[in-house]
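Down below is the structure, laid out as structure tokens.
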Amino acid sequence: MSNDKIVLVAGATGGVGQLVVANLLEKGLRVRALTRSAAKAQNMFNDKVEIVVGDIRDAATLPKATQDITHIICASGTTAFPSERWEFEQNPNLFEWVPIFLDPKSSIAKAKNSPEKADAQGVINLIAAAPQNLQRFVFISSAGVLRKDAFPYNILNAFGGLNAKQKGEEALVTSGLPYTIIRPGQLIDGPYTSYDLNTLIKAKTDAKLDVVLGTGDKLSGQTSRIDIAAACVESIFYSNTSGLAFEIINKGTRPPVIDWEKLFKSVDG
Ligand SMILES: NC(=O)c1ccc[n+]([C@@H]2O[C@H](COP(=O)([O-])OP(=O)(O)OC[C@H]3O[C@@H](n4cnc5c(N)ncnc54)[C@H](OP(=O)(O)O)[C@@H]3O)[C@@H](O)[C@H]2O)c1
């Protein structure tokens, strides 16, 4: 893959997103970071990436982000449970959080960046804005999308987080774009919100566990942000990850080097 490739990273300033950016830069690829805050991204990436301000909820902001890009890695997302990142009309005070948690329907309706708005509609908007000749759309979904009624995913989906991820997945599969869907377990390691890029490139997993991939939605456990970021970037170098949805968790003794080619072969069906 040469330098004429441009990878748009949605959620570039997030925990996984920063690591994705670092991995892409290490491989010599051109990176365009999509963010709602130019200042935040500028602070993190120091002119090493092109920054484009956009909000995936607002389709009109996306064409300038997706112009001439060859790949998209979508690492954006809001929280599964109500938090400030849901952007309520008014920031709730301490006591107002209780009814918000007790009444999922009305809290979802009052939030401007709920999973339905950011993880479903936002991802659908990003898919629609992708160039027709895109070489790959890598989407970070979640473990549990296909077993939302089973514990603990029924709890995780209480506010529609998994429903939203599934809508994003379905829109991508039916879009006709070459895609890779990655379903992690609960994320660990990071987020590395104030690290410089050199530190990110050398980031080591605290978990010290091996990477396990699976097909479908059967694995449960934790996933290192370092490993899912690597999976996102590595997957664009392998044609057998196109049209593939796989799950990723950390388990077992970690070898000195993670063999992504072998891992992808184990799930390419
Ligand atoms: N946490 C978990 O256990 C878990 C489990 C399964 C899957 N996941 C998924 O894994 C991915 C990475 O998670 P993470 O914890 O590393 O993420 P994170 O640190 O929470 O970062 C998410 C990023 O999304 C961006 N974002 C949010 N709303 C947006 C919007 N409306 N428009 C554009 N960008 C928006 C934000 O960037 P700006 O503020 O710069 O715009 C933010 O940096 C997410 O897709 C998440 O849903 C997480």
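Here, residue 1 is the first one in the sequence, and each next residue gets the next number. As the structure lists them, so they are numbered: ligands from 1, and atoms in each ligand from 1. Only a predicted model underlies this, so the values are computations on that prediction, with no experimental measurement involved.
Under the side-chain hydrogen bond (donor to acceptor under 3.5 Å, both in side chains) test applied with Asn250, the options Thr223, Asp210, Asp189, Asp227 reduce to a single match, Asp227. Screening Val49, Leu34, Leu24 for a side chain to side chain contact (heavy atoms under 4.5 Å, CB included) involving Val9 leaves a single residue, Leu24.
Aromatic ring centres of Trp97 and Phe81 lie farther apart than the 6.0 Å criterion allows.
Closer than 4.0 angstrom to ligand 1 by heavy atom are Gly11, Thr13, Gly14, Gly15, Val16, Thr35, Arg36, Lys40, Asp55, Ile56, Arg57, Ala75, Ser76, Gly77, Arg85, Asn113, Ile140, Ser141, Ser142, Lys165, Pro184, Gly185, Gln186, Leu187, Arg225, sorted by chain and number.
Looking at residues two or more places apart in sequence or on another chain, you find a salt bridge (Lys or Arg N to Asp or Glu O under 4.0 Å) between Lys167 and Glu116. Applying the ring-ring contact (aromatic ring centres under 6.0 Å, His included) test to Phe264 and every residue at least two apart in sequence or in another chain returns Tyr238, Phe246, Trp260. Under the salt bridge (Lys or Arg N to Asp or Glu O under 4.0 Å) criterion, Glu50 pairs with Arg32, sequence neighbours left out.
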